[in-house]
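Note sheet for the following structure.
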Amino acid sequence: MYGRQKITEYLSSIIKSAFENISGADNISPSIQIETPKEERNGDFSTNIAMKYSKALAMNPRQLADLIVENIGNDHKYISKVQVAGAGFINFYMNNDWLYDELDIILSEKYAYGQNKLAESKRINVEYVSANPTGPLHIGNARGGAVGDALANIYKWAGWECEKEFYLNDAGNQIKKFAQSLSARYMQLYQEDYPFPEDGYRGEDIILIAENYKELFADKLLNVPDSVREAELADFGLKINIDNMKKVLDQYGVAYDTWFKESDLHNSSAIDDIVTILTENGATYEKDGALWFKATDYDCEKDEVLIRQNGVPTYYLADIAYHFNKLSVRNFDLAVDVWGADHHGHVHRMKMALKAAGIDPERLHIVLMQLVRLVKNDEAVRMSKRKGEIVTLDELIEDVGVDAARFVFNSYAPSTHMDFDLDLAIKQSSENPVFYVQYAYARMCSILEAVEITDILPDFVLLNSKQEIALLKRMADFSTQIELSAKEFDPSRMTKYAYDLASDFHSFYNACRVKSEDEVLTVTRYRLLEGCRYILKNTLDILGVSAPQKM
RNA sequence: GCGCCAGUAGCUCAGUCGGAUAGAGCAACGGCCUUCUAAGCCGUGUGUCAGGGGUUCGAAUCCCUUCUGGCGCGCCA
């Protein structure tokens, strides 16, 4: 544990023993809450324990608080004063030693600072983007990529063994449509009035793939059965699309440990296996020639088809098999999926299917992202595929850059409906938070390069200005922010942290000079900045945003 | 009709699993560079926390209800 986490533990144990020394309280096991008061005059930390347990001990809160404070005593290393205030808050005023001790740890652990270890090793699988390989990645996938990737990084820092995964939907109905569309476009290159399937994919990209095939293989597929042409073109097109997705995601800084193919489920016994399990658990029945999941037994609105009348498994069934594979076959402790909010209807029935298969549904967590609306000149940009409008991820990267895109997508909690302001994202000014943060990093680097230090030892006690203390406190909060981000499945907390850290640094910069006549002060502030730089770099790494040494 | 998500300053959003006088950024105005990066800093004010009711020492936060917006409710994925 680090920084604030550690000092919270420290205070908790002091409070706990003081509380348990009160007669009548020894059989209560108190849950202790430590928070940071908003008002500075209320101390550095506070607890509400006296208000919480006053009833159980038949005392008024202030009276109980006084007793606890009495038991706490005044001989603790990091505490300078303890006071009762308000309705019964116990406020702790700290000396700065815990911050100085933390800076020591930061400087010795460097870029590894803040990497927690869990008591027992836990494995997590984070799945995100997982776009259909029937077309290019779009703006919604871009948000999913930024959120999922950062979230996976956060879990690594929080001590989990984490795997990043892309679920490749390379089977099923949409692939069939993809094949038929390609086939029709290919035929149209030879015969203009060749019919195009009613619900086919009408995008430009399908035509390009067909033309691409024709360039390479000419009329090879002109006089073959439809099924042969469709299969061949689907393979051809999938390879192109998947390669493109990998390329663009790579540019975007998103790299996966696993590409899991849906087709592998269909080509193995995985589908049959899950059907057997569900059936053995009495969760299926047959009706109208189809196999159904009795979802209504599991608090769902209606039952769901697993295997259609024509014998083809539904996407839902494949998805159940997929999640069963993650949680049972591969045995991850936790599976996190990042989905667009338009799939929210799928969440409950997926969890319930897992429950029916004997898996604790709590082991699957779905992060729902609200949809992104593009804004330009204060107007919503239609996401139609008309030319010149940014709809795909590679266009977005080209237009606003990876850093701005990833920073902006992670500036909002996934649950908020966000507007992506294209004008703002490309503005290289203070209005654009990503530059504000990166500028702070570049400034730190430049100072650390410009200032020459000798090997004399720093004296952290010299760090006592308002700005220095604020910066140290912020640095000590890093690990807590990771913990909270993980708990809430919300990477935007880290973006906000990066901004706050940058802000505290900029304030420090304007108030305190590093280079000075005083050699000890110079080296002391140098070390402070050094520590700060490690943390800002780590935060930007988590977000997938680059940390430029010069700007 | 049923369900999920949201509603906080002019705008975009925070708000530490119920805490003390609800906070940032942007936008507006005024100040700060002969010294380490002015893409920066400092200062000035703004609220019916969508409305109503309830729970308790205490509610933006929890419960009920109404309103508004987004999205779902296929033998599609």
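Chain naming here is simple, since letters A, B, ... match the order of the sequence lines and numbering starts at 1 in each.
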Open item on the list: Can you confirm whether or not the ring centre of Phe166(A) sits under 6.0 Å from the ring centre of Phe260(A)?
Closed with: no
Task: Side chains of Ser31(A) and Lys52(A), donor plus acceptor under 3.5 Å - done: yes
Open item on the list: Classify the ring geometry of Phe478(A) against Tyr497(A): parallel below 30°, tilted from 30° to 60°, perpendicular beyond 60°.
Closed with: tilted
Output a table of nitrogen or oxygen pairs between the protein and nucleotides 35-38 of chain B separated by less than 3.5 Å.
{"from": "U35(B)", "atom 1": "O2'", "to": "Arg513(A)", "atom 2": "NH2", "distance (Å)": "3.1"}
{"from": "U35(B)", "atom 1": "O2", "to": "Arg513(A)", "atom 2": "NE", "distance (Å)": "3.3"}
{"from": "C36(B)", "atom 1": "O2", "to": "Lys515(A)", "atom 2": "N", "distance (Å)": "3.2"}
{"from": "C36(B)", "atom 1": "N3", "to": "Val514(A)", "atom 2": "N", "distance (Å)": "3.0"}
{"from": "C36(B)", "atom 1": "N4", "to": "Tyr509(A)", "atom 2": "O", "distance (Å)": "3.1"}
{"from": "C36(B)", "atom 1": "N4", "to": "Cys512(A)", "atom 2": "O", "distance (Å)": "2.9"}
{"from": "U37(B)", "atom 1": "OP1", "to": "Ser446(A)", "atom 2": "OG", "distance (Å)": "2.4"}
{"from": "U37(B)", "atom 1": "OP2", "to": "Ser446(A)", "atom 2": "OG", "distance (Å)": "3.4"}
{"from": "U37(B)", "atom 1": "O2'", "to": "Tyr439(A)", "atom 2": "OH", "distance (Å)": "2.5"}
{"from": "U37(B)", "atom 1": "O2'", "to": "Arg443(A)", "atom 2": "NE", "distance (Å)": "2.7"}
{"from": "U37(B)", "atom 1": "O4", "to": "Ala442(A)", "atom 2": "O", "distance (Å)": "3.2"}
{"from": "U37(B)", "atom 1": "O4", "to": "Met551(A)", "atom 2": "N", "distance (Å)": "3.4"}
{"from": "A38(B)", "atom 1": "OP2", "to": "Arg443(A)", "atom 2": "NH2", "distance (Å)": "2.4"}
{"from": "A38(B)", "atom 1": "OP2", "to": "Tyr509(A)", "atom 2": "OH", "distance (Å)": "3.0"}

- [ ] Under the side chain to side chain donor-acceptor pair (under 3.5 Å) rule, collect the residues that match up with Asn169(A), sequence neighbours excluded.
- [x] Glu262(A)
Open item on the list: Do Thr495(A) and Asn410(A) pair up side chain to side chain, a donor and an acceptor below 3.5 Å, judged on atom types alone?
Closed with: no
Open item on the list: Assess, by modelled atom type and distance only, whether the side chains of Gln467(A) and Ser507(A) contain a donor and an acceptor separated by less than 3.5 Å.
Closed with: no
TODO: Quick one: label Asp299(A) by what it contacts on the DNA or RNA (base, sugar-phosphate, nothing), any heavy atom closer than 4.0 Å.
DONE: nothing
Task: Whole-angstrom distance between C2(B) and U46(B), as gauged at atom P - done: 43 Å
- [ ] Under 4.0 Å between any heavy atoms, over every strand shown, what does Asn132(A) touch: base, sugar-phosphate, or nothing? Just pick one.
- [x] sugar-phosphate
Open item on the list: Please classify the nucleic acid contact of Ala290(A) as base, sugar-phosphate, or nothing, using heavy-atom distances under 4.0 Å.
Closed with: base
Task: Near-ring test Tyr298(A)/His348(A), centroid separation under 6.0 angstrom - done: no
TODO: Return the nucleotide paired to C11(B): Watson-Crick means purine N1 to pyrimidine N3 with N6-O4 or O6-N4, wobble means G-U with N1-O2 and O6-N3, both under 3.5 Å.
DONE: G25(B)
Task: Interatomic distance, Phe489(A) CZ vs C5(B) C1' [rounded to whole Å] - done: 17 Å
Task: Rounded C1' spacing from C49(B) to G15(B) in Å - done: 11 Å
Task: Residue-level proximity of residues 470-482 of chain A to RNA chain B when a heavy atom falls under 4.0 Å - done: none
Open item on the list: Taking only the C1' atom of each, what is the distance from U8(B) to A60(B) in whole angstrom?
Closed with: 7 Å
Distances for protein N or O near nucleotides 2-4 of chain B N or O, under 3.5 Å:
{"from": "G3(B)", "atom 1": "N2", "to": "His344(A)", "atom 2": "NE2", "distance (Å)": "2.4"}

Task: N/O (side chain, Tyr436(A)) to phosphate O (OP1/OP2, C41(B)) under 4.0 Å - done: yes
Task: Ionic contact status for Asp500(A) with Lys496(A), cut-off 4.0 Å - done: yes
- [ ] Provide the distance between the two P atoms, one in G19(B) and one in G58(B), to the nearest whole Å.
- [x] 14 Å
Task: Anti or syn - C71(B), cut at 90° from 0 - done: anti
Open item on the list: Side-chain N or O of Arg308(A) versus OP1/OP2 of G74(B): is the shortest distance under 4.0 Å?
Closed with: no
TODO: Could you let me know what G19(B) is paired to, Watson-Crick or G-U wobble, both distances under 3.5 Å, or none if it's on its own?
DONE: C57(B)
TODO: Using a heavy-atom cut-off of under 4.0 Å over every strand shown, decide if His343(A) touches base, sugar-phosphate, or nothing.
DONE: base
Open item on the list: Between the base of A20(B) and the side chain of Ser46(A), is there a donor and acceptor pair under 3.5 angstrom?
Closed with: yes
Task: Nearest-angstrom distance, P atom, G18(B) to G40(B) - done: 38 Å
Task: Between A22(B) and C26(B) - P atom distance, rounded Å - done: 23 Å
TODO: For Gln370(A), answer base if it contacts any base atom (sugar-phosphate contacts may also be present), sugar-phosphate if it contacts only those atoms, and nothing otherwise; contact means non-hydrogen atoms under 4.0 Å.
DONE: sugar-phosphate
Task: Base-contact (B) and sugar-phosphate-only (S) positions in nucleotides 11-18 of chain B, heavy-atom cut-off under 4.0 Å, - elsewhere - done: -SSSSB--
TODO: Output the residues of residues 165-173 of chain A in contact with RNA chain B, where contact means a heavy atom of the residue under 4.0 Å from an atom of the strand; sort by number or write none.
DONE: Asn173(A)
Open item on the list: So if I take every side-chain heavy atom of Lys55(A) and compare against A77(B), C57(B), A20(B), which nucleotide ends up nearest?
Closed with: C57(B)
Task: Integer angstrom distance from the P of C5(B) to that of U65(B) - done: 15 Å
